[in-house]
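Take a look at the structure below.
One-based numbering, in listed order, for ligands and for the atoms of each. We count residues from 1, following the sequence as given.
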Amino acid sequence: MKALEQRSRTMISIQLNGQTRHGGCDNRTSLVDFLRHELGATGTHVGCEHGVCGACTVRVDGVAVRACMMLAAQAEGSRVDTVEGLARSAAMSDLQQAFKRRHALQCGFCTAGILMSCSDFLERLPDPTETEVREMLSGHLCRCTGYTNIVMAVLDVAASRRASAPAERKDHHA
Ligand code: FES
Ligand code: FES
């Protein structure tokens, strides 16, 4: 009890999906608990709480991380992107649309984390093989889908981004 009383509470601020947000945490508060309980960003889910299931995956300064394995205090001053930031205004992102089109989710518990891993993965590896997609997904547990439809959704997005890239470059240089 005494130890609990002695825990210090700190105010931190992060850039959550492009907005500055402040909140209090103690030394042991995980990033996922901070997001959900302090900032109300409940789109990120909590499963195993020890780095195995991937449900809690968010991006910190662009890199996919397990938010149950990172302390909130470590994220001070960082950009944190969660599933809530994927859609622009009312429109779903291409990844979200592909998941819907390919039936790549059922209960949806794993989906927020998988989407965040996929968004990091596709930026780093725009032309992945099926094997590479499956390796990336091996860090996530999904009890419903059997993964195949998720793989197809990710490959769809990679192909459509590559197809649209030359036109975008042309516009940019026009
Ligand atoms: S809740 Fe973080 S990896 Fe499972
Ligand atoms: S859709 Fe249910 S756990 Fe993945």
Side-chain angles (χ1 to χ4, degrees), residues 7 10 12 14-17 21 23-87 91-125 128-158 160:
R7 277 191 207 165
T10 318
I12 64 166
I14 62 172
Q15 289 289 317
L16 178 60
N17 299 318
R21 300 288 304 273
C25 64
D26 68 33
N27 297 342
R28 299 185 196 178
T29 306
S30 67
L31 177 58
V32 72
D33 283 347
F34 178 73
L35 291 170
R36 290 176 55 84
H37 303 308
E38 189 69 18
L39 302 186
T42 53
T44 303
H45 292 163
V46 190
C48 65
E49 289 189 279
H50 62 274
V52 174
C53 73
C56 64
T57 303
V58 300
R59 295 178 72 178
V60 177
D61 293 329
V63 179
V65 301
R66 312 250 147 155
C68 70
M69 299 294 285
M70 181 171 181
L71 295 171
Q74 291 176 292
E76 159 68 16
S78 296
R79 184 181 122 210
V80 179
D81 295 300
T82 66
V83 70
E84 286 97 337
L86 279 184
M92 288 193 296
S93 68
D94 55 354
L95 255 177
Q96 290 167 306
Q97 288 175 31
F99 270 57
K100 184 179 175 196
R101 191 172 57 249
R102 286 291 197 175
H103 306 291
L105 66 149
Q106 288 177 36
C107 79
F109 191 82
C110 67
T111 310
I114 290 180
L115 285 169
M116 299 318 290
S117 278
C118 290
S119 64
D120 177 12
F121 172 77
L122 285 173
E123 281 175 24
R124 286 185 292 103
L125 209 62
T129 63
E130 179 177 334
T131 302
E132 287 167 333
V133 174
R134 287 186 180 276
E135 277 170 8
M136 178 269 297
L137 290 173
S138 69
H140 290 269
L141 297 181
C142 174
R143 289 171 178 248
C144 306
T145 64
Y147 299 94
T148 297
N149 290 8
I150 301 176
V151 174
M152 290 192 297
V154 176
L155 290 172
D156 278 2
V157 172
S160 70

### Task
Taking only heavy atoms of C53 into account, list the atoms of ligand 1 that are under 4.0 Å away from them.
1 (S), 3 (S), 4 (Fe)
### atom 3 (S) of ligand 2 [closest protein heavy-atom partner, distance rounded to 0.1 Å]
R143 N, 3.3 Å
### Check: F109 main-chain N/O paired with H45 side-chain donor or acceptor under 3.5 Å
yes
### Summary
In ligand 1, the atoms that come under 4.0 Å of a heavy atom of C48 are 1 (S), 3 (S), 4 (Fe)
### Task
Mark up the atoms of ligand 2 that fall under 4.0 Å of a heavy atom belonging to G108, in ascending order.
1 (S), 2 (Fe)
### Query
In the protein, what heavy atom is nearest to atom 1 (S) of ligand 2, and what distance, to one decimal place, separates them?
Q106 N, 3.3 Å
### Message
Has E38 got a side-chain atom pairing as donor or acceptor with G23's backbone, closer than 3.5 angstrom?
### Response
no
### Query
For the side chain of R66 and the backbone of G51, is there at least one donor-acceptor N/O pair under 3.5 Å apart?
yes
### Summary
Nearest heavy atom to atom 2 (Fe) of ligand 2, choosing from C144, A55, G47, belongs to C144
## Note on the structure
At atom 4 (Fe) of ligand 2, SG of C110 and SG of C142 open up to roughly (10° bins) 100°
#### Entry: Any donor-acceptor N or O pair under 3.5 Å, side chains T29, D26
yes
### Query
Taking only heavy atoms of G51, which atoms of ligand 1 are found under 4.0 Å from at least one of them?
3 (S)
### Part of E49 within contact of ligand 1 (heavy atoms, under 4.0 Å)
backbone
### Message
Once you restrict to heavy atoms under 4.0 Å, what part of V52 touches ligand 1? Side chain, backbone, both or neither.
### Response
backbone
#### Entry: atom 2 (Fe) of ligand 1: angle it makes with SG (C56) and SG (C68), nearest 10 degrees
100°
### Message
Taking 4.0 angstrom as the limit and counting only heavy atoms of R66, give me the atoms of ligand 1 inside it, by number and element.
### Response
3 (S)
### Query
Short question: side chain of D156, backbone of A98 - any donor-acceptor pair under 3.5 Å?
no
### Task
Under 4.0 Å from a heavy atom of G54: give me the atoms of ligand 1 that qualify, with their elements.
3 (S), 4 (Fe)
### Message
I'd like to know if the side chain of N149 and the backbone of R102 have a donor-acceptor N/O pair within less than 3.5 Å.
### Response
yes
